[in-house]
Every structure is written in structure tokens, then in C-alpha cells.
Amino acid sequence: MLYDLFAYLDKMDFPGAGMFKYISFRSGIAVVFALFISMAIGRRIINKLQLMQIGETVRNLGLEGQMSKKGTPTMGGIIIIISILVPVLFFARLNNIYIILMLITTVWLGILGFADDYIKVFRMNKKGLHGKLKIVAQIGLGLIVGMTLYLSPEAVIRENVEVINSENVIEKVNIHPSEKKSTKTTIPFIKNNNFDYAWLASWAGKYKQEVTWIFFVMIVIFIVTAVSNGANLTDGLDGLAAGASSIMGVALGILAYMSSHIEFASFLNIMFLPGAEELVIFAAAFIGATIGFLWYNSFPAQVFMGDTGSLTLGGIIAVYAIIIRKELLIPILCGIFFVESLSVLVQVLYFRYTRKKYGEGRRIFKMTPIHHHFQKSGNAGIQAFIQRPYNIIPESKLVVRFWLIGIILAVITIVTLKIR
């Protein structure tokens, strides 16, 4: 919104207007503005939620400090969404296809999460929105993202081309001068850092290109659904999902900047993405919004984000990674979300297996998602390392440890680009 205004003022030789051309300047303003908005409106929204008696209902599961959370306002994800949207609308170029996709993602999943929270709070239905409707909405978003990247003439890459010397060693990496539509993405631990989804459709003959894009859209749908649900499962401790998401946002912002900077792209041997520099501004707003939300959500939480926030955060991270062609790094970057989801899946499958085999269900973890395993006293159902007796970890310490793991995973994600 303001970009075009300042571009016009710059032509008029207005002092300082030229600063708005720089991504670093607009990103810096975006992160500060998002942080300010989240902290400024947070208290008012919390008071409004309390006035409307929109509080969390809690079942007694025997977790330390659990019952003290009863009545804490939920649906606080509204704070995050507003704090992301306003800076992006002000400081990003709104005709950029990638920014448009990120805005659609934020609003789409924000509405989905809000509907889920509304049913839980106002209709007193703990199950919330029907699971099938959630999946359909997530599939719909995946289709929009996948088909836009397929059809939009702006969603292009400039490929990284390796120059090999006589000793079969990479002498340098050039960025191809022409832009093209491509189904290539970045993959870790591989020599040229590229993987083409066309490999999955090598059997399709003359329909190879069409089949490749079908595979791509299906993968996009899976990633969006998996990561948004993973973030939703992670949102169980004060500050855990918001803090972990802000760390992932920093890593994604760095990757977007490197992918949109021709020299960094060449140095890292990754494809160059024209137009992706605007995503750095979105990442900055995302970081500012999530950190600002932590002002009220850190232990002991004054507000919970609810599905309004968690589904939105997960979806944003997924779509952002897909757009910058780094979706295959998600298992590393989003390792916390991945382990949380995996713990639930393993627990359910093992419980069903043992119930069928022994007549009673047994558990691997004391409780899932796995962060609750460390909060619950006693042992799980099988003799294994993870069942050994140990002291319950206080919630605040547990959250900080998860954050530290998230930082390590973010660093590893970036470092993998040089490990080939």
C-alpha cells in the first residue's frame, strides 16, 4: 500500500522516500510495527474476550498446573492475524503473487480456526468443527496454492547451473539468465541441491508435465494439512506454539532472502526466485506478531491462541516453505511439529494394536502429544527408556527446552544447504 506512495514521492525527490525501496528497511519497520500492534491490541482483545466469557474449558488429566488454566481467554489468535496482516498490507508490494498467496493463507486458515473455536466456545461442543470439514478446507487451500504456482506467470525460477572443472569439482555456480516455470525444489544433502518432481512422473510419457503438476499439487495439499495440524497439536503449553513458530519464521525469512538474492543463491547453490524478496517482509511481520503475542501467552498465559492461531501459524509456515521451494526441509525445520504429530500417531496405532492382540490397549507414552508426556507422573505401559521414572518437568522449563530444540533445528535447516 505505502510502497507505491513512496515510489511516487521518490520520483518527486522527496527526502528519505528512496529508503522504501530496500527490503531491509521495510522488513525492519514491519517487524517493529507487528510487535507494537500485537502488544497494543493484545490487552484490549483479552479484556473483550473476558467480558464475553470466552474462556478455555479444561478436563482434569492429572497434569501439573492444568486446572489453573481454566477460564483463560482463548481465540487469541486474532491478535496474531491482525498483527501480521496490517504491516504486510502497509509495507509489502500487494501486486506480488507470493504476498497475495500468503494473505489468502492467513485469512483462509484464520477463518477456519475461528469457526472451530466458535463452535467449541459458544456452542459448548468440545469437538469443534467436524474433522472432515477441516480437512476439506485445508485441501481447498492446498489446491489454491498449488494451482496458482502452476498457472501464474510470476511464479518462476532462475536455475542454478554448476560449472565443473576437469577434476570433476564444482568451480562455481551460475544463475541462469532466463526465467522459467519449473517443478524443481531444494533438497538437502544432495550435490546440486535440486530435486525435480518430474522424476515422479517419468513413466507418464507425453503427459509427463501434466502428471508432474498433479503430483506437485497433491504434495502441497499434504504439506499444508500436515503442518497446520502439527502446529495445532503443539499448542498445548503456554508459549510453546508461538515461540516455536517465531523461530521457524526467522529461518524461513533468511531462506527467502537468500533465495531472492542472486549472489547468495549462487553461493548456496540454490535456485534464484525473482519476486520472493517481498516474502521477507511477510516473515518479519510474522516474527513480530508471534513474539508480541508471547507477551501475553508466555507462562502463565493470559490468553491462548486457540485453533484461530495454531492452524493459521502452521499453514503460513507450510505455504511459505512451498513458495520458496524449501518444503523438503520442513521435516527438519518443523521437527517439533513433526514429533508432536508422530507421537500421537504412534500412540494411537500401538494402543489399537495391543487392544486387538492382548484385549487391552497399552501406551508407549504416558500422554500425547509428547509435551504432555513430560508433565505426567508415573510410567507408561511398556518397559522402555522413555518410561523410566523421572521428575515432572515444570511447564516453563519444558517450553524453553522445546524452544532451544527449535533453534538448533532452524540452524541445521540452513546449514544443510552447504552439506552436500
Side-chain angles (χ1 to χ4, degrees), residues 77 80-81 102 105-106 108-110 112-113 116-117 128-129 131-142 145-146 218-252 255 283 286 290 293 297 304-324 326-349 364-365 367-375 398-399 401-410 412-413:
I80 299 174
I81 293 171
M102 293 311 305
T105 298
T106 305
W108 185 287
L109 290 176
L112 176 64
D116 192 41
D117 285 334
L129 195 66
K132 290 182 180 179
L133 291 177
K134 280 187 184 180
I135 296 297
V136 168
Q138 290 165 334
I139 290 174
L141 176 62
V145 173
M218 291 173 62
I219 290 168
V220 168
I221 291 171
F222 173 76
I223 292 172
V224 170
T225 304
V227 179
S228 59
N229 287 330
N232 188 234
L233 290 171
T234 304
D235 182 33
L237 300 178
D238 296 352
L240 177 56
S245 296
S246 65
I247 293 165
M248 296 172 196
V250 171
L252 289 172
L255 291 172
F286 180 85
T290 48
F293 182 72
N297 184 238
F304 299 139
M305 67 173 67
D307 287 3
T308 306
S310 59
L311 287 176
T312 305
L313 292 181
I316 286 173
I317 290 167
V319 174
Y320 197 106
I322 291 165
I323 288 175
I324 63 172
K326 303 295 182 290
E327 67 273 17
L328 298 184
L329 296 174
I330 283 179
I332 303 173
L333 178 62
C334 301
I336 291 175
F337 294 170
F338 178 73
V339 171
E340 295 275 18
S341 301
L342 187 63
S343 68
V344 174
L345 179 63
V346 169
Q347 184 90 317
V348 170
L349 292 177
I364 297 176
F365 306 101
M367 188 175 175
T368 56
I370 197 170
H371 56 256
H372 288 319
H373 172 80
F374 303 103
Q375 288 186 292
L398 189 58
V399 170
R401 287 180 177 178
F402 270 80
W403 288 351
L404 293 173
I405 293 171
I407 292 172
I408 293 170
L409 292 174
I412 292 173
T413 300

Would you mind reporting whether [Y] and [X] have side-chain heavy atoms less than 4.5 Å apart?
X: Ser228; Y: Gln138; result: yes
X: Met102; Y: Phe286; result: no
X: Ser245; Y: Ile317; result: yes
X: Thr413; Y: Lys326; result: no
X: Ile322; Y: Val224; result: yes
X: Phe402; Y: Thr234; result: no
X: Met248; Y: Val227; result: no

Does Ile364 offer a backbone N or O that forms a donor-acceptor pair with the side chain of Gln347 under 3.5 Å?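 Yes, because the side chain of Gln347 sits within donor-acceptor range (under 3.5 Å) of the backbone of Ile364.
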Using every non-hydrogen atom in the two residues, find where [X] and [Y] come nearest and quote the distance to one decimal.
X: Ala137; Y: Trp108; value: O-NE1, 2.9 Å
X: Leu252; Y: Ile324; value: O-CD1, 4.0 Å
X: Gly142; Y: Val220; value: O-CG1, 3.5 Å
X: Ile80; Y: Met305; value: CD1-CE, 4.1 Å
X: Ala242; Y: Asn297; value: CB-OD1, 4.2 Å
X: Ile139; Y: Thr225; value: N-OG1, 4.5 Å

For the [atom1] atom of [X] and the [atom2] atom of [Y], what is their distance to the nearest 0.5 Å?
X: Leu141; Y: Leu112; atom1: CG; atom2: CG; value: 9.5 Å
X: Thr308; Y: Asp117; atom1: OG1; atom2: CG; value: 3.5 Å
X: Leu129; Y: Ile135; atom1: CG; atom2: CD1; value: 10.5 Å
X: Glu340; Y: His372; atom1: CD; atom2: NE2; value: 8.0 Å
X: Leu345; Y: Phe338; atom1: CG; atom2: CZ; value: 9.5 Å
X: Ile247; Y: Leu409; atom1: CD1; atom2: CG; value: 9.0 Å

Ser310: partners by side chain to side chain donor-acceptor pair (under 3.5 Å), with sequence neighbours left out: Asn232
The side-chain contact (heavy atoms from CB on, under 4.5 Å) partners of Val344 (sequence neighbours excluded) come to Leu233, Val348, Thr368, Pro369
